[in-house]
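Order of the sequence lines sets the chain letters (A, B, ...), proteins ahead of strands, with each chain counted from 1. Bear in mind that the values here come from a model prediction, so they are computed numbers and not experimental data.
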Amino acid sequence: MGHWREVSIMSIVINNIDFMYRNKRALADLSCTLVPGFNVLLGPNGAGKSTLLNLLTAQRPLQRGTINFDGVDIEKTPRQIMQQLGVVFQQTTLDLDLSVFQNLTYFGALHGIKARVVLERITPVLTQLGLIERLHDTVRDLNEGHRRRVEIARCMIHQPRYLLLDEATVGLDVDSRKLIIEHIRLLAQQQAMTILWTTHLLDEVQEDDPLYILNHGQLIAQGKCKALLSEHQQDSVFDLYRWLTQPQGLV
Amino acid sequence: MSIYMTCFWAILKREILRFFHQRSRLFSALVRPLLWLVVFAAGFRSALGISIMPPYESYILYQEYIVPGLCAMIILFNSMQTSLSMVYDREMGSMKVLLMSPISRSFLLFCKLIAAACLSLLQVVIFLLLANLVDVDIPWWGFIYAIPSIFLSAFFLGALGLMLSNFIKQLENFAGVMNFVIFPMFFLSSALYPLWKIQESSLWLYWICQYNPFTYCVEMIRFALYGQTNINASIIIISCVIVSGSLAVASFKPRKI
């Protein structure tokens, strides 16, 4: 499958990557280019979304293929890319025993940012996410939705150019999901970041979104959502997704 | 302050904060050696006579003899607890936060080891203060003289714990660490009995104790608490620090096995 767009500034170019867990193939010959804006990676559970995120964040080494961030190879200079990369993992990665502020300053310090600067940067984000009042609460006392918001605020501390979010709204109530997704879409718009939003929740996809559909480790469709709908003659994202991911006889 | 110092202080502060959040950890770290000191040592006080041997200049009570071994035991437990906390971080995902830092992985692990060593030092100092209340007479300057020895031992055992964390798949496996690492290291050393006494009863046991690096941690601390330096033990432990520190960083596996 070829790239559907030309490489541009701040793009993430994924080229022919394969990944295997022992005898199980997780990703097969995956190639795509993520450009600035809100990109959606859609796929059922076990499709390989988290594996792809782990490769994009250098949590696992590449077995085949290359990943370039704006022309910089992640295998060669992962540290340089980490400075530009904000990530929200599927699993909560906050320290439950520490307060929101301590978690945020710890993350900032790991990027060499002082607590004062962290506070300056996160105050507007936390205010926007409705969490500023809970700055000194222990994370253990926060519900899942609030923890997610803290993680989203945290991934912005070092002012990244790329943002990767792995099922960031799974298990959250409607209001929290809406708040988070609106906030991320706004970031894509206002700060021209390259965002990869990974999800299996179809209602999070909008018609203008660049869409990547992953199934059984293979990228089975990529393009603007609207274009894919017309190409496959489907009326909704739900129909398109079902058409592409289920055996044709069952559709 | 450089980016590295900011990072170092943050890791140190996080480990200290976590330690004080888990109050039971401090409590159990102190109760264990105090039980050994007050119950075990009191029981064996009359059965075990310790003759004059360096660094002691006169006959000593058995409870005074085992204090350096108990200090080393605190360090050993804390180091293994650190390895457990690495497994916890890996399981809970917070290890990913550390690995997303643009700072080199080896420096981050070095900071973790220093932080663990500081926590060990803190626990040992509190234990020594409490030990002074139960007829154990350690000179106050011995505390200060022992700091480098405690720190080196803690760094060595912490690096060993870090290496072990590569082989621990789940938190539940800690019982295995207790049975196969902590207890053999502690019992097969000079922590509870002097080596000459072990030699009298079993020669092969004596040789095992001789080759156990933990013995040298105990001896280094023992001499330091009385203002002396055990050159042999110090050289062995410094070598162990270099080797285990390098191996721990090189073999570190951040992901689940």
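- Taking CZ of A:R79 as the start and CZ of B:R105 as the end, the distance is 5.5 Å to the nearest 0.5 Å.
- In this structure, B:F19 has no ring pair (Phe, Tyr, Trp, His ring centres under 6.0 Å) partners at least two apart in sequence or on a different chain.
- Side chains of A:L110 and B:I103 form no contact here, defined as non-hydrogen atoms less than 4.5 Å apart.
- Only the backbone of A:I113 comes within contact range of chain B, judged by heavy atoms closer than 4.5 Å.
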Side chain to side chain contact (heavy atoms under 4.5 Å, CB included) between A:D97 and B:L17, worked out: CA-CA 8 Å; A:D97 291 322; B:L17 279 170; over 6 Å; no
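- For B:F107, the CZ atom sits in a packed shell: over 12 heavy atoms of surrounding residues, nucleotides or ligands are nearer than 6.0 Å.
- From B:M100, atom CE reaches atom NE2 of A:H158 across 6.5 Å, with rounding to the nearest 0.5 Å.
- Shown here is A:Y21, whose OH atom has more than 12 heavy atoms of other residues, nucleotides or ligands within 6.0 Å.
- If you tally non-hydrogen atom pairs under 4.5 Å between each of B:S101, B:A10, B:C7, B:C111 and chain A, the highest count goes to B:S101.
- Side-chain contact between A:H111 and B:P102: present, with at least one pair of heavy atoms (C-beta onward) separated by less than 4.5 Å.
- In this structure, the side-chain contact (heavy atoms from CB on, under 4.5 Å) partners of B:L164, at least two apart in sequence or on a different chain, are B:M80, B:V177, B:V181.
- With a 4.5 angstrom heavy-atom cutoff, A:T92 touches chain B only via backbone atoms.
- Heavy-atom contacts from other residues, nucleotides or ligands closer than 6.0 Å to NE2 of A:H216 number 12 or fewer.
- For chain B, the nearby part of A:N54 is the side chain; its heavy atoms alone come within less than 4.5 Å.
- Annotation for B:F180: atom CZ does not count as buried by contact number, only 12 or fewer foreign heavy atoms lying within 6.0 Å.
- Here the straight-line distance linking atom OG of B:S94 with atom OH of A:Y106 works out to 7.5 Å at 0.5 Å rounding.
- To the nearest 0.5 Å, atoms CG (B:L99) and OG1 (A:T57) are separated by 9.0 Å.
- Summarising the geometry, atom NE2 belonging to B:H21 is positioned 6.0 Å from atom OG1 belonging to A:T138; distances are rounded to the nearest 0.5 Å.
- In this structure, the portions of B:L98 lying under 4.5 Å from any heavy atom of chain A include both its backbone and its side chain.
- B:R18 contributes no side-chain N or O that, together with a main-chain N or O of A:D95, makes up a donor-acceptor pair within less than 3.5 Å.
- A:Q102 contributes no side-chain N or O that, together with a main-chain N or O of B:K13, makes up a donor-acceptor pair within less than 3.5 Å.
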